[in-house]
A.B. asks: 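Can you keep this structure in mind? I'll have questions shortly.
Counting convention: from 1, in listed order, for ligands and their atoms alike. Predicted model, so just to flag it, every value in this text is computed and none were measured.
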Amino acid sequence: MLTEYKILSLAGNSIPVEETGAAVSVEQLSVALPAPQVKIIETKRVEGITPLPEAELVVSGGRGLKGPENWSVITDLADELGATTACSRPVADVGWRPHHEHVGQTGVAIRPNLYIAAGISGAIQHLAGVNSSKTIVVVNKDPEAPFFKAADYGVVGDLFEVLPRLTEAIKRHKNA
Ligand SMILES: Cc1cc2nc3c(=O)[nH]c(=O)nc-3n(C[C@H](O)[C@H](O)[C@H](O)COP(=O)(O)OP(=O)(O)OC[C@H]3O[C@@H](n4cnc5c(N)ncnc54)[C@H](O)[C@@H]3O)c2cc1C
């Protein structure tokens with residue numbers, strides 16, 4: 001039903017910041033809203049982590065992790081950065097990670113400032129959900145992995161060596 005009230009909402013990170021050089025001023029509006037017709041009974045928020053669509057920093061793992069027992073290399077790096085974790089679809093399909101972490105064509109579409117992808121090949125269906133990220137860092141032991149073509153920075157190496165070293169380097173940098 002069309003009403004006189006229009007609501008505009010924007011997903012976080014959906015519009016990049018652009019310097020135009022124009023002078024702008026912020027105007028405070030006082031709007032008298034009618035009594036709501038919808039009663040909110042309960043609001044549940046995931047505590048502690050930024051939901052993927054709003055995340056500025058994302059660390060993501062794929063089948064290259066070999067199993068859920070190895071996920072600490074992803075979560076340790078994410079904790080150090082204050083990042084949200086994500087995964088490729090097969091990882092969620094086999095139950096290594098929850099489905100809400102799966103990014104791509106059939107999962108969540110994200111556009112963080114930084115997307116770190118480890119052990120993910122970079123299939124077109126995965127890229128469809130992540131290629132609007134501002135900076136993409138790919139860690140893969142296969143130099144021919146298609147993800148490198150979409151990467152801003154690439155590390156050809158074993159993620160089980162590279163990620164812990166990256167985590168340690170960030171820890172040192174934060175403590176310096
Ligand atoms: C209709 C359809 C929709 C789909 N939608 C999605 C989607 O939304 N999201 C999605 O992700 N996929 C989706 N897929 C699946 C997609 O096509 C790929 O199969 C999937 O993305 C591959 O996941 P992966 O990269 O984790 O695994 P793999 O393709 O198996 O890649 C694993 C990678 O890890 C690397 N690796 C292995 N060991 C190491 C190591 N020790 N160190 C570093 N690198 C290592 C390998 O070199 C390889 O590149 C979809 C497919 C279809 C058909």
Side-chain angles (χ1 to χ4, degrees), residues 9-16 44-175:
S9 72
L10 299 176
N13 290 334
S14 58
I15 299 177
K44 283 189 182 170
R45 288 188 70 86
V46 180
E47 296 290 333
I49 53 156
T50 310
L52 270 175
E54 296 162 30
E56 304 241 335
L57 306 170
V58 176
V59 181
S60 188
R63 253 195 314 221
L65 268 288
K66 314 275 191 275
E69 67 281 7
N70 297 324
W71 228 262
S72 60
V73 290
I74 296 286
T75 52
D76 286 352
L77 177 57
D79 287 349
E80 211 50 57
L81 285 168
T84 302
T85 52
C87 66
S88 66
R89 176 173 156 170
V91 160
D93 283 348
V94 293
W96 294 358
R97 298 299 293 175
H99 262 293
H100 66 78
E101 284 197 4
H102 139 214
V103 289
Q105 181 189 318
T106 47
V108 184
I110 57 170
R111 44 175 75 228
N113 285 328
L114 176 65
Y115 182 62
I116 301 178
I120 301 178
S121 55
I124 189 85
Q125 296 90 351
H126 185 84
L127 292 178
V130 306
N131 61 8
S132 295
S133 306
K134 290 184 190 77
T135 302
I136 297 179
V137 178
V138 170
V139 181
N140 198 304
K141 68 178 184 183
D142 174 9
E144 302 298 323
F147 219 151
F148 283 121
K149 291 202 175 80
D152 296 284
Y153 300 94
V155 182
V156 178
D158 186 336
L159 69 90
F160 295 107
E161 287 171 22
V162 176
L163 293 198
R165 287 175 67 179
L166 189 53
T167 306
E168 277 311 309
I170 292 164
K171 216 178 267 179
R172 276 201 306 278
H173 179 71
K174 280 165 73 178
N175 293 334

A.B. asks: Which heavy atom of Phe160 sits nearest to which heavy atom of Gly64, and what is that distance?
C.D. replies: CE1-O, 3.8 Å
A.B. asks: For Thr85, which of Thr75, Leu77, Val58, Ile49 qualifies under side chain to side chain contact (heavy atoms under 4.5 Å, CB included)?
C.D. replies: Thr75
A.B. asks: Treating Asn113 as the side-chain partner and Lys134 as the backbone partner, does any N or O pair qualify as donor plus acceptor under 3.5 Å?
C.D. replies: no
A.B. asks: Look at the side chain of Thr84 and the backbone N and O of Thr50, then say whether any donor-acceptor pair between them is shorter than 3.5 Å.
C.D. replies: yes
A.B. asks: Looking at every heavy atom in both Pro90 and Arg63, which two are closest together, and how far apart are they?
C.D. replies: CB-NH1, 3.8 Å
A.B. asks: Students often mix this up, so state it plainly: with edges at 30° and 60°, are the rings of His126 and Phe147 parallel, tilted or perpendicular?
C.D. replies: perpendicular
A.B. asks: Under a 4.0 Å heavy-atom cut-off, which residues neighbour ligand 1?
C.D. replies: Gly62, Arg63, Gly64, Lys66, Ser88, Arg89, Pro90, His102, Val103, Gly104, Gln105, Thr106, Gly107, Gly119, Ile120, Ser121, Ala123, Gln125, His126, Asn140, Lys141, Asp142, Gly157, Asp158, Leu159, Phe160
